[in-house]
Amino acid sequence: MKKFLFVSANRYANPYPVYPLGISYLKAFLQERLPDYTFSTFDFNTGPEESFRARLEEFRPDYIGLSLRNVDDVNFYSRESFISGYRGIAEIVRSCTNAPLIVGGSAFSIFPREMFELLNPDWAIHGEGEESLLNLLQSLDRGSPDLTTEGLVYRRGEEIVVNGRTNFLKRPDLEFDTGIIDFYWDKAGMVNIQTKRGCPYRCIYCTYPLIEGHQVRTLDPGRIVFTLKHLHERHGIDYVFFTDSVFNISNTFNAELAEMMIDARLPVKWGAYFSPHKLTLDQLTLYARAGLTHIEFGTESMSDTTLAHYGKHFRVDEVVRVSDDCNRAGIYFCHFMIIGGYGETEATVNESFENSKRIANTVFFPFVGMRIYPGTVLHEVAL
């Protein structure tokens with residue numbers, strides 16, 4: 001019986017700790033396909049380094065999967081980096097065990113070569129992990145790693161090789177870790193769930209397409225409803241946040257999911273990230289009947305000029321119209337703003353402030369500056 005230890009390296013808890021959803025998807029996927037494995041999780045939000053050392057000694061894993069969520073806090077004013085903490089965890093692994101270290105997660109996927117060089121793992125996977133990790137483990141168990149594995153990152157002599165990715169998982173599985181779910185419900189008052197992966201949009205600063213791809217894949221809506229029912233019955237969880245990059249894409253799927261939630265009479269409320277683009281009052285009303293209570297819009301600006309520079313697919317009049325519809329549907333909503341991004345001027349900033357007055361009963365969350373990530377359009381523009 002082989003043993004695999006998933007390690008969630010995230011310790012950032014502002015404004016609240018976030019459940020390690022990626023690990024849950026990986027664990028559910030692998031448990032079903034590797035019955036001869038025992039999988040366990042260590043979460044640095046729930047235990048200190050001393051507990052991690054003890055877990056390594058007690059569990060004695062054959063493989064360790066280290067998941068990196070964020071590179072930094074994306075705050076222009078504090079600029080808190082999490083890299084040194086990740087390096088410290090990797091050093092603990094090396095000092096306590098000879099098990100191969102496999103690194104992945106969203107932070108790694110944005111900087112695969114740099115993070116591989118820094119942490120020096122045995123293997124790594126950028127982007128979606130389920131099928132790639134399964135293929136890697138099966139090939140390692142056969143005695144010869146499959147170096148053609150999509151998304152695989154490895155060292156060949158002095159060179160760090162980063163394999164490309166052309167295929168994506170069609171139907172991700174999900175099962176929450178009962179050992180840590182109560183901690184996050186108690187600390188955050190919500191649990192996060194993903195209903196789809198991939199984003200078809202091309203906002204100039206965004207890393208979602210780099211991590212998940214542009215092709216949109218949806219989960220089984222029946223599985224989502226089953227999971228929500230299980231969370232409520234077993235853990236008393238009655239509020240979830242759908243962490244899709246943009247919830248209101250794949251409208252046929254969304255309508256099916258909403259209808260199933262209504263039919264199941266789930267006593268669960270939810271929120272999600274939305275785009276103002278092509279969002280109708282009828283859709284909002286349906287989602288509200290299914291339990292939607294609040295929306296977080298990635299609006300970023302209230303100036304048409306700046307929206308065009310940011311690569312947004314909507315304009316101010318549509319933002320105002322959708323905001324009015326949210327008020328009609330009785331749904332709370334807020335708008336996130338990026339002030340001073342590419343193409344911004346003093347005039348467009350003033351225009352955003354003036355246009356914001358056209359929207360009633362909302363909250364604006366402005367952030368100053370735009371983080372430049374490799375692989376984005378903004379990175380190309382900056383170069």
Side-chain angles (χ1 to χ4, degrees), residues 6 8 16-32 39 41 43 45-46 69 128 130 169-199 212 216-274 279 282-296 326 329-333:
F6 285 108
S8 174
Y16 45 77
V18 178
Y19 179 86
L21 190 60
I23 285 178
S24 284
Y25 280 107
L26 286 169
K27 191 175 178 182
F29 183 87
L30 294 175
Q31 279 178 330
E32 183 176 330
F39 294 94
T41 301
D43 184 350
N45 261 329
T46 64
R69 183 175 185 268
E128 194 171 69
E130 285 94 337
L169 189 66
K170 298 297 188 295
R171 291 279 185 175
D173 295 331
L174 174 61
E175 183 175 314
F176 282 90
D177 192 322
T178 56
I180 60 175
I181 189 70
D182 291 334
F183 168 85
Y184 285 95
W185 174 242
D186 179 63
K187 297 296 183 181
M190 71 171 71
V191 172
N192 44 317
I193 297 180
Q194 194 176 41
T195 75
K196 60 185 73 69
R197 289 181 183 173
C199 183
E212 299 183 352
V216 179
R217 295 91 68 203
T218 55
L219 274 75
D220 179 356
R223 179 68 177 263
I224 296 171
V225 172
F226 173 83
T227 300
L228 293 173
K229 186 176 181 181
H230 175 84
L231 288 173
H232 183 264
E233 292 176 349
R234 298 289 182 88
H235 302 278
I237 293 171
D238 59 7
Y239 189 87
V240 298
F241 192 87
F242 292 137
T243 60
D244 310 359
S245 58
V246 179
F247 179 81
N248 57 311
I249 49 180
S250 302
N251 286 329
T252 300
F253 167 84
N254 291 340
E256 180 183 4
L257 174 61
E259 293 288 0
M260 291 182 70
M261 293 174 69
I262 294 169
D263 292 342
R265 298 182 179 179
L266 290 174
V268 177
K269 304 300 182 182
W270 55 279
Y273 301 116
F274 275 68
L279 183 58
D282 287 344
Q283 290 170 342
L284 289 168
T285 302
L286 173 63
Y287 300 152
R289 288 176 54 218
L292 173 64
T293 58
H294 97 274
I295 288 174
E296 298 184 11
C326 285
I331 298 170
Y332 296 110
F333 63 100

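For the single chain, residues carry numbers from 1 onward in sequence order.
Under the rule for a ring pair (Phe, Tyr, Trp, His ring centres under 6.0 Å), the partners of Phe241 that lie at least two apart in sequence or sit in another chain are Tyr273, His294. With sequence neighbours left out, Asp244 forms a side-chain hydrogen bond (donor to acceptor under 3.5 Å, both in side chains) with Thr195, Lys196. Partners of Arg69 under the salt bridge (charged side-chain N to carboxylate O under 4.0 Å, His left out) rule, at least two apart in sequence or in another chain, do not exist in this structure. Remark: Tyr25 engages no residue in a ring pair (Phe, Tyr, Trp, His ring centres under 6.0 Å) (not counting sequence neighbours). Residues satisfying the ring pair (Phe, Tyr, Trp, His ring centres under 6.0 Å) criterion with Phe333, sequence neighbours excluded, are His335.
Rounding to the nearest 0.5 Å gives a distance of 11.0 Å between NZ of Lys187 and OG1 of Thr46. In this structure, CG in Asp186 is found 15.0 Å from OH in Tyr16, a value given to the nearest 0.5 Å. Going from atom CG of Asn254 over to atom CG of Leu257 covers 7.0 Å, rounded to the nearest 0.5 Å. Leu279 CG to Asn248 CG: the interatomic distance, rounded to the nearest 0.5 Å, is 5.0 Å. Taken to the nearest 0.5 Å, the OG1 atom of Thr293 stands 15.0 Å off from the OH atom of Tyr287. Rounding to the nearest 0.5 Å places CG of Leu266 at 9.0 Å from CD of Glu233.
Side-chain N or O atoms of Asp182 include none that pairs as donor or acceptor with a backbone N or O of His235 at under 3.5 Å. Not one N or O on the side chain of Asp177 forms a donor-acceptor pair closer than 3.5 Å with the backbone of Ser24. Of the possible polar contacts, one joining the Trp270 side chain to the Ala290 backbone as a donor-acceptor pair under 3.5 Å is found. Between the side chain of Arg289 and the backbone N or O of Leu284 there is no donor-acceptor pair closer than 3.5 Å.
Leu169 has its side chain out of reach of Arg217: every pair of non-hydrogen atoms, C-beta onward, lies at least 4.5 Å apart. Side-chain contact between Ile295 and Cys326: present, with at least one pair of heavy atoms (C-beta onward) separated by less than 4.5 Å. Counting heavy atoms from C-beta outward, His232 and Pro267 have side chains that approach closer than 4.5 Å. Counting only heavy atoms from C-beta outward, the side chains of Thr41 and Ile23 approach each other to under 4.5 Å. Within the 4.5 Å cutoff, no side-chain heavy atoms of Asp43 are placed close to those of Phe6. With contacts defined as side-chain heavy-atom distances shorter than 4.5 Å, the pair Asn45/Val18 does not qualify. Side-chain atoms of Phe274 and Leu292, non-hydrogen and from C-beta on, do get closer than 4.5 Å to each other.
Tyr332 OH: 12 or fewer foreign heavy atoms inside a 6.0 Å radius.
Taking every heavy atom of both residues into account, Ile249 and Gly198 meet most closely at CD1-O, 3.9 Å. Scanning all heavy atoms of the two residues, the minimum distance from Gln194 to Leu21 falls at N-CD2, 3.7 Å. Of all the heavy atoms in Pro20 and Ser8, the pair that sits closest is CB-OG, 3.6 Å. Shown here for Phe39 and Leu30, the closest heavy-atom pair between the two residues is CZ-CB, 3.5 Å.
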Between Val268 and Tyr239, is a side chain to side chain contact (heavy atoms under 4.5 Å, CB included) present by the stated rule, with each step listed?
CA-CA 5 Å; Val268 177; Tyr239 189 87; 5.9 Å; no
Assess the residue pair Asp238 and Leu231 against the criterion (side chain to side chain contact (heavy atoms under 4.5 Å, CB included)); give the C-alpha distance rounded to whole Å, side-chain angles, the decisive distance to 0.1 Å, and a yes or no.
CA-CA 8 Å; Asp238 59 7; Leu231 288 173; over 6 Å; no
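Under the 30°/60° scheme for interplanar angles, the aromatic rings of Tyr184 and Tyr19 are found to stand perpendicular.
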Side-chain donor-acceptor pairs of residues 220-230 under 3.5 Å, sequence neighbours excluded:
unit_1: Asp220; atom_1: OD1; unit_2: Gly222; atom_2: N; d: 2.9
unit_1: Arg223; atom_1: NE; unit_2: Leu174; atom_2: O; d: 3.4
unit_1: Arg223; atom_1: NH2; unit_2: Leu174; atom_2: O; d: 2.8
unit_1: Thr227; atom_1: OG1; unit_2: Arg223; atom_2: O; d: 2.8

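The residues Glu128 and Arg197 are annotated as salt-bridged, a charged nitrogen and a carboxylate oxygen being separated by less than 4.0 angstrom.
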